[in-house]
Amino acid sequence: MTANSELDKVYDPSELEGKWYAYWLAQKFFEATPNSEKEPYTIVIPPPNVTGILHMGHMLNNTIQDVLVRKARMQGKNACWVAGTDHASIATEAKVVAMLAEKGIDKKNLSREEFLTHAWAWKEKYGGIILEQLKKLGCSCDWSRTRFTMEEDMSKAVIDAFVHLYNKNLIYRGIRMVNWDPKGKTAISDEEVIFETRNAKLYFIQYPFTEGEGSIIVATVRPETIMGDVAICVNPNDERYKSIVGKKVRIPILNKEIPIIADAYVDAEFGTGALKITPAHDKNDYEIGLKFNLEVIDVLDENGNLSEKCGIPKYVGKDRFAVRKDITKELEELGFIQKIEEYQTQIGTSERTGTVIEPKLSVQWFLKMKDLAQPALDAVETGEIKLYPPKFNNTYRIWLENVKDWCLSRQLWWGQRIPAYYLPNNEIVVADTPEKALALAQEKNANYTQNDLRQDEDVLDTWASSWLWPISVFDGFKPAEETENHKDFNYFYPTNDLVTAPEILFFWVARMIMAGYEFKGKKPFENVYLTGIVRDKLGRKMSKSLGNSPDPIELMKQYSTDGVRVGMLFSSPAGNDLRFDEKLCEQGRNFANKIWNSFRLVKMWNVADENTEKTISNAQKQRGEIAINWFKVKFQQTLQELTHLYQEYRISDVLVTVYKLYWDDFCAYYLEAVKPESMETQLVDKHTYAETLNILEDLLKILHPFMPFITEELWQNIRPRKEGESICIADYPVLNEEILAKNTKENFAEKGKIAFELVTEIRNARNSKGISPKVTLKLTLKNAENNLENIYFNDFLGIIKKLTNVEILFADEKPKQAQSLMAGNQECYLELGIMVNVEQERQNIQKELDNLHKFKMRILGNLQNEKFIQNAKPEIIEAERKKLTENETKIVALEESLKSL
RNA sequence: GGGAGUUUAGCUCAGCUGGUUAGAGCAUCUGCCUUACAAGCAGAGGGUCACAGGUUCGAAUCCUGUAACUCCCACCA
């Protein structure tokens, strides 16, 4: 009875995954507490939106984090991966408003408190979904540390930070042009505006001169804002208009007089070369308005409807786009429209609500960024913080050098309310609690009571909490006495690696760096790994609206979680967009299956005892011995490579390297070489068996960060394990210099390479002649002294025999009807047992000789070139000479075979 | 408009400071139900390294120009 029958032929993850994840949690393997004897390794998750559900971007991102964390944990570090969610003020508030609307509740009819009650209820009900999904992905987060950016402590940190910055005079209130989202009724940041190319119309409107005949024609896409016009601007060098600068025109319909001014900003080539200046509704116009000290007339209200100020009662309260139509019609009827052209323009829309953004003047809170940016700039410049790939350094620098002040306020309720209080005389006090605010107020006037204080209605931008994330998750803002003198913070901060999408390099990464230096005088992390964007096969970004994103949970069901994790990481180097194809997951699944079956094979074997040991042939034992030596070297060399690749964060290269080691070297060569001779007894000697288990165990360990579930299952079954043991916390293999040194002496790796090349040649010859692998062929090695020691790779002869089904002979002469093969410098003859087509064989050899001669000419071209000898590095010249010798040996051998045909 | 990046096999990507006859995986083709795995085994074919110049003994690699694509920033009404 073999173990074979106990194990399924196909890897079935359905029960394993849940079982092992539960075990890991129960054993608290992922929980980390400060321990001065262990080196910490910390990652804070980029907190997904609390409204979020897992998408392919998360899959990529979190798989990478888990690989890093699991590896660090196995390397004995105190690995701490902090998870949590972001309150995402706009997105969440939008969802809650929509949910309420479905129930027939209008936000307008709710008080702030009522609304927040609904919002919290919603959060409690739906907020944790994504975290549960991350567990499915196998993420080894310390769930006991899960945070939410709006929980009390976290919010307190945000408020404290605000007060700190305010007191440093870095926060100010200003009238600014902001991107107004009329649907969300909030200002949004530049980064949240998406420009879309849309078809629009360009209206050519006449503004008649106040004196004399004629008019100036202005091209605009926004006729509904003419009531907000305060000037017409032309380029000072524009010959057409030079004479009229300083004159006045009348706004059609409104009949208001405005001046013609000149400024170099205006492009004479565009439209008519005349621009209407509407400071309240265009950023550039606003700038010009400031320069010329022009009035600002805001003709729109917060809903995007025309306001009282527009001066035409019938339009007041009407939607901006409706008014555009109406006013166009009216202008046309009155003859003010010269023409209307079709026009393509970039229109800013809100990332969150999709509405067309309205540039709007409003009072907002701003954070001065210039000083904060400097340390962040330096940190990356000096390499104190490293970005992977480094190509992002440039983008980062340029952005920070031109950083603009950060608009902190949002006209929403879901978020941290701005801790600013207005006094009856409109003075402002800022403090973290109403009590302290009152105290401050009373310094101004002792008679003030709490009732005199009116708190600002706005909340802070979501990023005002996320930028503190690496600090606040470790309670870095809490007083020392509440946190055992910042025990967690001091131990886990600065964190090690941050893994995130390049889209939020500025929103989030740069700001976290600023916050780190500003509040703690220390960087928040050392390395930033920027992932690529996950796209579909056609290169389109995956999005809900396109419906081109697969459901990650379904994928994991179909291909196993390990399979999908592998699929995500195959060929997705840092910073490169990933063109996702389910084929990749299939490949991952196949790999899992391969691993599964290699394990089955080993499980089938029976270990020899004292009695049976002697029934095992020496040949089998010898093969085992050589294969073990060879593979151990191979493993060490790979391990060396992996260290290097991990250091450079080349995660997919790590995966591909391990994949090849497992599939090609371990399965195709090692296991095939070591396999028992007798399929009845399946006997292997003790030594081979023990070493095979060791090798398998090491392989599972280096695979574990990528494929946590299958590796745990197999690791648990390799040998008996005790409760509380796990591959999660097993020691990651360390480099063994001894094995590598031994190899330099004995050349296992190189000998194996030549031997396996010969194997391929033999198989190829067999294959091309259509000879079944079952037929044993004769392989004769040319060997003058008939001395095994003369053959460089003699240790591997047994393995060659096993892998190719040949009988190995020695002779000086080439047997009749044999095909010549070269293994390194060793000439071999393979008898295929069929008539060799002499002419065909001659041609083959001749072709090979021609190639060798061509190559020889190239080498000689170098070696006979004086300049090459003068300029090339000695080791290059040496290499060329070696090539030449090898080339010549091969030529001699082939010429001999040609003669003997 | 400004800046950055990319372009290597049918596809996705390696190729570090110039020095093997340019590599891998997938896909394709051929042959195999060979005593773990057909989600597999064995083997093969496939590239003027985007294009044009230049530097060099030597260029996928460095320089210049051109083209295509991508991203970021700005936003000509």
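Naming convention: chains lettered A, B, ... in sequence-line order (proteins, then strands); numbering from 1 in each chain.
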Distances for protein N/O vs nucleotides 13-15 of chain B N/O pairs under 3.5 angstrom?
| unit_1 | atom_1 | unit_2 | atom_2 | d |
| --- | --- | --- | --- | --- |
| C13(B) | OP1 | Asp577(A) | O | 3.2 |

Is Ala668(A) touching bases, backbone alone, or none of the nucleic acid, heavy atoms closer than 4.0 Å?
sugar-phosphate
Could you pull out all residues at least two apart from Asp263(A) that satisfy side chain to side chain donor-acceptor pair (under 3.5 Å)?
Lys291(A)
Separation between the C1' atoms of A52(B) and A42(B), rounded to whole Å:
45 Å
Round to a whole Å and report the spacing from NZ of Lys769(A) to P of A44(B).
13 Å
Any residue meeting side chain to side chain contact (heavy atoms under 4.5 Å, CB included) with Thr643(A), in chain and number order, not counting sequence neighbours
Gln647(A)
Closest to the side chain of Gln682(A), out of U35(B), U70(B), A36(B), is U35(B)
Taking the six-membered ring for Trp, are Phe666(A) and Tyr670(A) ring centroids under 6.0 Å apart?
yes
Side-chain donor/acceptor contact of Glu672(A) with base of A36(B) under 3.5 Å:
yes
Span that lies between the P atom of A14(B) and that of C62(B), in whole angstrom:
15 Å
Name the closest nucleotide to the Leu852(A) side chain, picking from A77(B), A42(B), U21(B).
U21(B)
Residue whose closest nucleotide on RNA chain B lies nearer the 5' end, Val602(A) versus Tyr669(A):
Val602(A)
Contact under 4.0 Å: Arg763(A) side-chain N or O vs G43(B) OP1/OP2:
yes
5'-most contact on RNA chain B (nearest-nucleotide basis), Thr395(A) vs Phe599(A), goes to Phe599(A)
Does any pair with a residue in residues 859-875 of chain A pass salt bridge (charged side-chain N to carboxylate O under 4.0 Å, His left out), and if so which ones, sequence neighbours excluded?
none
Distance between the C1' atoms of U48(B) and C75(B), in whole angstroms?
43 Å
Specify the separation, in whole Å, of atom CZ of Phe507(A) and atom C1' of C72(B).
12 Å
Under 3.5 Å, is there a donor-acceptor pair linking the side chains of Tyr388(A) and Glu648(A)?
no
If the sugar-phosphate is the primed atoms plus P, OP1 and OP2 and the base is the rest, what is the B/S/- string for nucleotides 25-33 of chain B, using protein heavy atoms under 4.0 Å?
SS-------
To the nearest angstrom, the CG-P distance between Leu530(A) and C71(B) comes to 16 Å
Between Asp562(A) and Ser560(A), a side-chain donor and acceptor under 3.5 Å
no
Residues Pro676(A) and Lys802(A): closest non-hydrogen pair is O-NZ, 3.9 Å
Rounded distance (Å) that lies between atom C1' of G43(B) and atom CD of Gln819(A)
14 Å
Phosphate-side-chain proximity, Arg858(A) and U21(B), N/O vs OP1/OP2 below 4.0 Å:
yes
Phosphate contact (G19(B) OP1 or OP2) by Lys883(A) side-chain N/O below 4.0 Å:
no
Donor-acceptor pair, Trp605(A) side chain versus Lys675(A) backbone, under 3.5 Å?
no
Nearest to the side chain of Ile398(A), which nucleotide is it out of G3(B), C37(B), A36(B)?
G3(B)
If you restrict it to nitrogen or oxygen atoms, what contacts under 3.5 Å exist between nucleotides 54-59 of chain B and the protein, and what is each distance?
| unit_1 | atom_1 | unit_2 | atom_2 | d |
| --- | --- | --- | --- | --- |
| C57(B) | O2' | Asn865(A) | ND2 | 3.1 |

Scan Val266(A) against the nucleic acid and name what it touches under 4.0 Å (heavy atoms): base, sugar-phosphate only, or nothing.
base
Rounding to the closest angstrom, what is the interatomic distance between A74(B) and U66(B) at atom C1'?
26 Å
Check side chain to side chain donor-acceptor pair (under 3.5 Å) between Asn394(A) and all other residues, then give those that pass, not counting sequence neighbours.
Arg397(A)
Do Lys594(A) side-chain and C37(B) base share a donor-acceptor contact under 3.5 Å?
yes
Do Leu884(A) and Lys856(A) pass the side-chain contact (heavy atoms from CB on, under 4.5 Å) test, and can you show the C-alpha distance, the side-chain angles, and the key distance before you say yes or no?
CA-CA 7 Å; Leu884(A) 184 64; Lys856(A) 185 177 178 179; 3.9 Å; yes
Where does RNA chain B form stems of at least three consecutive Watson-Crick or G-U wobble pairs, each pair having both distances below 3.5 Å?
B:1-7 with B:67-73, B:10-13 with B:23-26, B:28-32 with B:40-44, B:50-54 with B:62-66
Heavy atoms under 4.0 Å, any strand shown: does Ser598(A) hit a base, just sugar-phosphate, or nothing?
base
Please name all residues satisfying salt bridge (Lys or Arg N to Asp or Glu O under 4.0 Å) with Glu880(A), sequence neighbours left out, ordered by chain then number.
Lys883(A)
Out of A39(B), C71(B), C37(B), minimum distance to the side chain of Arg600(A) belongs to C37(B)
Side chain to side chain contact (heavy atoms under 4.5 Å, CB included) partners for Lys583(A), two or more places apart
Asp581(A), Glu586(A)
Using a heavy-atom cut-off of 4.0 Å across all strands, would you classify Asp267(A) as base, sugar-phosphate, or nothing?
base
Can you find a side chain N or O atom of Lys404(A) that sits less than 4.0 Å from OP1 or OP2 on A74(B)?
yes
Asp229(A)/Tyr207(A) under side chain to side chain donor-acceptor pair (under 3.5 Å): CA gap, chis, key distance, verdict
CA-CA 11 Å; Asp229(A) 291 352; Tyr207(A) 287 65; 2.5 Å; yes
Shortest non-hydrogen contact from Ile217(A) toward Ala274(A)
O-CB, 3.7 Å
Using the salt bridge (Lys or Arg N to Asp or Glu O under 4.0 Å) criterion, which residues pair with Glu287(A)? Sequence neighbours excluded.
none
Rounded to whole angstroms, how far apart are CD1 on Ile859(A) and C1' on U20(B)?
9 Å
Sticking with atom P, work out how far A4(B) lies from C13(B), rounded to a whole angstrom.
23 Å
Heavy atoms only, 4.0 Å cut-off, all strands: where does Cys667(A) land among base, sugar-phosphate and nothing?
base
Can you check whether Thr760(A) has a side-chain N or O nearer than 4.0 Å to OP1 or OP2 of G43(B)?
yes
Identify every side-chain donor-acceptor pair in residues 651-662 of chain A under 3.5 Å, counting partners at least two apart or on other chains, and give the distances.
| unit_1 | atom_1 | unit_2 | atom_2 | d |
| --- | --- | --- | --- | --- |
| Ser652(A) | OG | Leu569(A) | O | 3.3 |
| Ser652(A) | OG | Ser572(A) | N | 3.2 |
| Ser652(A) | OG | Ser572(A) | O | 3.3 |
| Asp653(A) | OD2 | Arg650(A) | NE | 2.9 |
| Asp653(A) | OD2 | Arg650(A) | NH2 | 2.9 |
| Thr657(A) | OG1 | Asp653(A) | O | 2.6 |
| Tyr659(A) | OH | Gln587(A) | NE2 | 3.4 |
| Tyr662(A) | OH | Ser598(A) | OG | 2.7 |

OP1, OP2 of C71(B) versus side-chain N and O of Lys391(A): anything below 4.0 Å?
no
So, Lys276(A) versus Thr225(A): side-chain donor-acceptor pair below 3.5 Å or not?
yes
For the pair made of CZ in Phe392(A) and C1' in U70(B), what is the distance, rounded to whole Å?
12 Å
